[in-house]
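Below is one structure; the comments refer to it alone.
Note that the structure is a prediction, hence the values are computed from the model and not measured. Side-chain atoms are counted along with the backbone in the values below, which use heavy atoms only and exclude waters and symmetry mates.
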Amino acid sequence: MTLLSDQADAVRALVESADPGAVWAVGGPDGPHAGSGAADDVHDVGGLTAVLALWPAVGTLVDEGALRLHTPLTAYGDEAAADTPAGTTAHHLLTHPGGTAALTRLVEHLSGSTLAELAAVRVWNPLGMTRTRLADGTLRAPLADLALFLRHLLHPSGPSGPSDPSDPGGPGAPRDGGGASAPAPLTRAWTAESLRIRTGELTPARGLLWHPAPHGVWTHHAPTDPGPAVWISPRHHRWAVLLPAGRGPLRSTFREAVFTPDASTRGSGPGGIPRA
């Protein structure tokens, strides 16, 4: 779903009023539709390491059969299960806060590589995210690379190739040097399994390192405010990213402005924030 010009204008006005220094973009499977700032400027997005590096790395291991979500970690050796309660599984770590350190250790143990190396080789480079780096515990990436990642989630590959055989690449599909489509790093199955409630009746509801939000949207954001946030909505065929510069309620109002169907036609409150 293409962002309409009046809705894009409303989002831009909202951000400029509430947090003029914020960097943002909104788009779909075909790429960005609106945004701010230079797309190639590199930003600290460390608050998104779990979803930009760890989550896709886990997905590649699951897809190749090296990791089973409901198998106790002890099955992968003492090092993989170190410092975790008996019976802990990868599913537990993906759906509970505080599980990322143990999950990172598991991924590195199974792959024999650091998370930075694994994400770069299996995910970022195939998607063309050539300026994304995880070094010294900090993830840095330009807005353009974040757009490549998020648009891919709306058009992931099938279990063994591109999602649409009549369109070998499809929007955002990675390609090799000869122009032919290359296998995409994240499959449709892994994305679909992650973007659904995996915690039953427990609250808060969670997916696999993604969290549900209103209007059929899934989000992942830094635990602190201000901090970067990303949203994805297969229902709306839309993604969004926000890198705020200051504290405030912009995160939730930005989401509402981008994903609420009639947000651009609503009245506005102080500071250009749409009324609920």
Side-chain angles (χ1 to χ4, degrees), residues 1 3 7 11 14-15 18-19 22-29 32-36 43-59 91 93-100 103 123 132 139 141 143 145-156 186 190-199 202-261 263 273-274 276:
M1 180 183 297
L3 193 70
Q7 190 174 6
V11 173
L14 166 67
V15 176
D19 188 355
V23 176
W24 62 279
V26 178
H33 298 161
S36 66
H43 305 277
D44 181 343
V45 292
L48 300 177
T49 302
V51 77
L52 293 176
L54 185 55
W55 172 72
V58 171
H91 187 271
L93 301 177
L94 286 161
T95 56
H96 288 74
T100 55
L103 194 59
V123 183
T132 299
L139 181 65
L143 200 59
D145 279 13
L146 301 183
L148 286 172
F149 182 85
L150 293 168
R151 68 185 288 193
H152 174 64
L153 300 190
L154 295 178
H155 200 291
L186 297 174
W190 174 245
T191 302
E193 284 297 296
S194 300
L195 302 183
R196 68 180 181 88
I197 302 299
R198 302 297 299 251
T199 49
L202 298 177
T203 55
R206 296 178 183 273
L208 300 181
L209 287 180
W210 289 88
H211 313 301
H215 316 302
V217 178
W218 289 84
T219 184
H220 187 97
H221 54 75
T224 58
D225 181 25
V230 292
W231 296 266
I232 190 80
S233 177
R235 177 189 302 177
H236 298 287
H237 303 288
R238 184 173 293 171
W239 54 262
V241 56
L242 175 68
L243 311 179
R247 295 180 180 274
L250 179 59
R251 186 185 288 170
S252 59
T253 53
F254 177 83
R255 184 200 68 227
E256 289 291 313
V258 170
F259 293 101
T260 303
I273 296 176

Nearest 0.5 angstrom please: [X] [atom1] to [Y] [atom2], how far?
| X | Y | atom1 | atom2 | answer |
| --- | --- | --- | --- | --- |
| Leu48 | His221 | CG | NE2 | 10.0 Å |
| Ile197 | His211 | CD1 | NE2 | 11.0 Å |
| Gln7 | Thr260 | CD | OG1 | 8.5 Å |
| Arg235 | Leu154 | CZ | CG | 13.5 Å |
| Leu250 | Leu242 | CG | CG | 5.0 Å |
| Leu195 | Thr219 | CG | OG1 | 11.0 Å |

field: Side chains of Leu208 and His91 in contact at under 4.5 Å (non-hydrogen atoms)
entry: yes
Residue pair Ser36 / Val15, side-chain heavy-atom distance below 4.5 Å: no
I need the minimum non-hydrogen distance between [X] and [Y], along with the two atoms involved.
| X | Y | answer |
| --- | --- | --- |
| Pro56 | Val123 | CB-CG2, 3.7 Å |
| Ser233 | Gly216 | OG-O, 3.1 Å |
| Gly227 | Ala222 | CA-CB, 3.8 Å |
| Arg251 | Ala229 | NE-CB, 4.1 Å |
| Gly207 | Pro212 | N-CD, 4.5 Å |

- request: Show your reasoning for whether side-chain contact (heavy atoms from CB on, under 4.5 Å) applies to Leu103 and Leu209.
  value: CA-CA 11 Å; Leu103 194 59; Leu209 287 180; 4.2 Å; yes
field: Check: Phe149 ring centre within less than 6.0 Å of Trp239 ring centre
entry: no
message: Checking Thr132 against Leu52 for the side-chain contact (heavy atoms from CB on, under 4.5 Å) test, could you report, in this order, the C-alpha distance in whole Å, the side-chain angles of both residues, the deciding distance, and whether it holds?
response: CA-CA 10 Å; Thr132 299; Leu52 293 176; over 6 Å; no
query: Is the backbone of Ala240 close enough, under 3.5 Å, to the side chain of Arg255 for a donor and an acceptor to pair up by distance?
result: no
message: Tell me whether Thr199 contacts the main-chain N or O of Arg206 through its side chain, where contact means a donor paired with an acceptor under 3.5 Å.
response: yes
query: Hey, mind stepping through Leu186 and Trp55 against side-chain contact (heavy atoms from CB on, under 4.5 Å) and telling me if it holds?
result: CA-CA 10 Å; Leu186 297 174; Trp55 172 72; 3.8 Å; yes
Step-by-step side-chain contact (heavy atoms from CB on, under 4.5 Å) determination, Leu153 to Trp210: CA-CA 12 Å; Leu153 300 190; Trp210 289 88; 3.7 Å; yes
statement: The side chain to side chain contact (heavy atoms under 4.5 Å, CB included) partner of Val45 among Leu143, Leu139, Val23 is Leu139
Test applied, side chain to side chain contact (heavy atoms under 4.5 Å, CB included); reference residue, Trp24; option that passes from Leu243, Leu14, Val11: Val11
- request: Report the relative orientation of the aromatic rings in Trp231 and Phe254; use parallel for angles under 30°, tilted for 30 to 60°, perpendicular for over 60°.
  value: tilted
message: I'd like to check the ring-ring contact (aromatic ring centres under 6.0 Å, His included) partners of His96; sequence neighbours left out, ordered by chain and number.
response: none
